[in-house]
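Inspection log for the structure reproduced underneath, given as structure tokens.
Computed from a prediction, not measured in an experiment: that's the story for all the values here. In what follows, chains carry the letters A, B, and so on, assigned in the order in which the sequence lines appear, proteins first and then strands, with residues in each chain numbered from 1.
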Protein chains: 2
Amino acid sequence: MIVNGKHYRTVWWQANKVKMIEQNMLPNRFKIVTYTKYKQVCNAIYTMVTRGAGAIGGTAGYGMALAAVNAPDKNFYKFMQKAKKDIEATRPTAQNLFYATNLVFEAIKDYKNDPKKAREVALEVAEDIAQEDSDSCERIGRHGSKLIKSGYNISTHCNAGWLAFVDWGSALSPIYWAKMKQKKKVFVYADETRPRLQGAKLTAWELFHNKIPHKIVCDNTTGALMQRGLIDMCIVGSDRIARNGDVANKIGTYTLATMAKAHGVPFYVAAPTSTIDITCKSGKDIPIEERDEKEVLEIDGIRIANHGSHAVNIAFDVTPAKLVAGIITEQGIIKPSWKKIQALNLQPVS
Amino acid sequence: MIVNGKHYRTVWWQANKVKMIEQNMLPNRFKIVTYTKYKQVCNAIYTMVTRGAGAIGGTAGYGMALAAVNAPDKNFYKFMQKAKKDIEATRPTAQNLFYATNLVFEAIKDYKNDPKKAREVALEVAEDIAQEDSDSCERIGRHGSKLIKSGYNISTHCNAGWLAFVDWGSALSPIYWAKMKQKKKVFVYADETRPRLQGAKLTAWELFHNKIPHKIVCDNTTGALMQRGLIDMCIVGSDRIARNGDVANKIGTYTLATMAKAHGVPFYVAAPTSTIDITCKSGKDIPIEERDEKEVLEIDGIRIANHGSHAVNIAFDVTPAKLVAGIITEQGIIKPSWKKIQALNLQPVS
């Protein structure tokens, strides 16, 4: 996608180095960081220089390729084993991370005694992973754009844009596609998404740089916009989708979906099929992270609430399948039902 | 109500001075300010040292009494006319302000040529206005407390506590009454209430000092708490109620009410009958203030959103009567219907 008029991915390979956007500094500063050692890449994933399922997968692949570049000819294989473990330790619950490290590692196994060839193969696979993520998101955009009529006002929650993937994004991809490829008129109402404000900080930044007309709204305001007939559809991303179509996503998604239902506004979830976890029977099986109350009580380190009071900070909620009009995947738009998901014939990710 | 173990009202008279809590400094600092001139009181209302319908009414009454104290014997009546106009110019849309200034002014009219007696009468009426507000809120507490069972988890939005009135408050009064007078076990989930965070700042401060167990929640989280069965009832305040029972209140109230309906959680509005504006046929007739987008884009003067993006800042929304289980007034709990409101036989406030 576009930043200051130029095309960028969230992470890429350049002259034996890994480059990425420093997302912790957004929206206040746009900075590209460059890493020459795989341990720097580990640290970048750990400290959330890059974040989001697809972006983490892409970064992990490039991290493995960087390890291969720096691995000594002698002990090459051992070095790579260590690198794999180090990378996997950064965000142990991110499925895409393991997918990427495994894929690169399996590919170089055949070249244990040919480090030169192994380095080439590692980079090839890493580039494939990034490209696959971008392609998959682009296809989500193409499929999802069919749902968008010119003149639509679209509500989204949190950041499921290209910053969370290698390119294009999930929830925002249909919007980008509709605007850029189909020249449709679109307007986005971006929920600010308390407590971490990813909507106000990241989604608004993305939309601004890609010239998508938009406004930021407090999470409690979108319902009133629906009441006034100002929202035509909702598109959100997802952190995990259960086998029955229940959707876990950033806290507030369930309220948005319920409000959409109450107003007859179609509510869509956009996610690559890799987000579907067929080992989860329903939303009840999806673990919900509760985070530090400080995220609610402070903003950018400044206390905004009464001293002495505590806060609830549930990071995600589960939207039941019945509130979801469809899941926009790279394979097409599917109904969120056990039957339709079964038909995708997905494999569990270890 | 209680602050640091001691009873306070939001505004009171002491030795020919007006004293009030400096609400702009809450929750970080608890400061009492003292005014000796009515023009200082005007400034206090204008700069929101005190805010909220009942508190503004009480303050305006005391402001008139203070003017009477300082008015010269010669030109007493003229001085008071000027004071009335000055006080009324501070928050021209606050109904209670005009109610208070008119009441004091009418009372002193009979003593145009007896400034000494007029001063006594002005203070008497001002004390009556404050006492009436406190009594009215206390009765709201007594009536509303009947709805609260011991062990209830109650959700509230914004600040409709004693800080917005002279004492007790509206939405929080039933909670105070249930806890203090009836020793019921209550727990409050206070919506932080973006953008101005009156829940996190004022409601949490009140509850903390009055030893009501509570937690602050992001506005987008209360729906998820309802989904988990953690909310037994909602009580909110109101800025204006139409003749058919539609309720205007702080933005987010409509979403909260809709979520409550979807989960079978009873949703109550607590407000003195003076909040009912019988000149408004329905919610459509209630003007909705849109405020500066900076309130959304900045917190305490710090930019929290992408530079270049704009924001929606609708300050209030309208909850249709059908979502409201009852209106808790000083006269009892009434169904929000045209018939029940008609039966109150209210007069329009000019």
key: Heavy-atom closest contact (A:His307 atom, B:Asn28 atom, distance)   = CD2-OD1, 4.1 Å
inquiry  = So B:Met259 and A:Met259, do their side chains get closer than 4.5 Å, heavy atoms only?
reply    = yes
query = For chain B, which of A:Thr258, A:Asp317, A:Thr253, A:Thr222 has the most heavy-atom pairs under 4.5 Å?
reply = A:Thr258
request  = Indicate yes or no: at least one non-hydrogen side-chain atom of B:Gln227 is less than 4.5 angstrom from one of A:Thr255.
outcome  = no
ask   = Any side-chain heavy atom of B:Glu192 within less than 4.5 Å of one from A:Val296?
value = yes
key: Top of B:Arg228, B:Met226, B:Lys250 for chain A proximity - count of heavy-atom pairs under 4.5 angstrom   = B:Arg228
request  = Nearest 0.5 Å please: distance from the CG atom of B:Asp219 over to the CG atom of A:Asp219.
outcome  = 7.0 Å
ask   = Is the shortest heavy-atom distance from the side chain of A:Asn220 to the side chain of B:His157 under 4.5 Å?
value = yes
key: B:Leu230 portion near chain A, given a 4.5 angstrom heavy-atom threshold   = neither
ask   = Who wins among B:Pro320, B:Ala262, B:Gly199, B:Gly252 for the most heavy-atom pairs under 4.5 Å with chain A?
value = B:Gly252
message = Just so I know, are the side chains of B:His214 and A:Ser309 near enough to count as touching, which here means a heavy-atom distance under 4.5 Å?
response = yes
query = Quick one: what part of A:Leu297 sits under 4.5 Å from any heavy atom of chain B, side chain, backbone, both or neither?
reply = side chain
message = I want to check something: taking the side chain as every heavy atom from C-beta on, are A:Glu293 and B:Ile216 in contact at a cut-off of under 4.5 Å?
response = no
ask   = Is there side-chain contact between A:Leu225 and B:Ile314, with heavy atoms separated by less than 4.5 Å?
value = yes
inquiry  = Within this structure, what is the CD1-CD1 distance for the pair A:Ile304 and B:Ile302, rounded to the nearest 0.5 Å?
reply    = 11.0 Å
Ring-ring centroid check B:Tyr254 A:His263, cutoff 6.0 Å = yes
key: Side chain / backbone / both / neither for A:Ile299 at chain B, heavy atoms under 4.5 Å   = side chain
task = Give, as side chain, backbone, both or neither, the part of A:Leu26 having an atom under 4.5 angstrom from any heavy atom of chain B.
result = neither
query = If you look at every heavy atom in B:Asn306 and A:Ala204, which pair is closest and at what distance?
reply = ND2-O, 3.5 Å
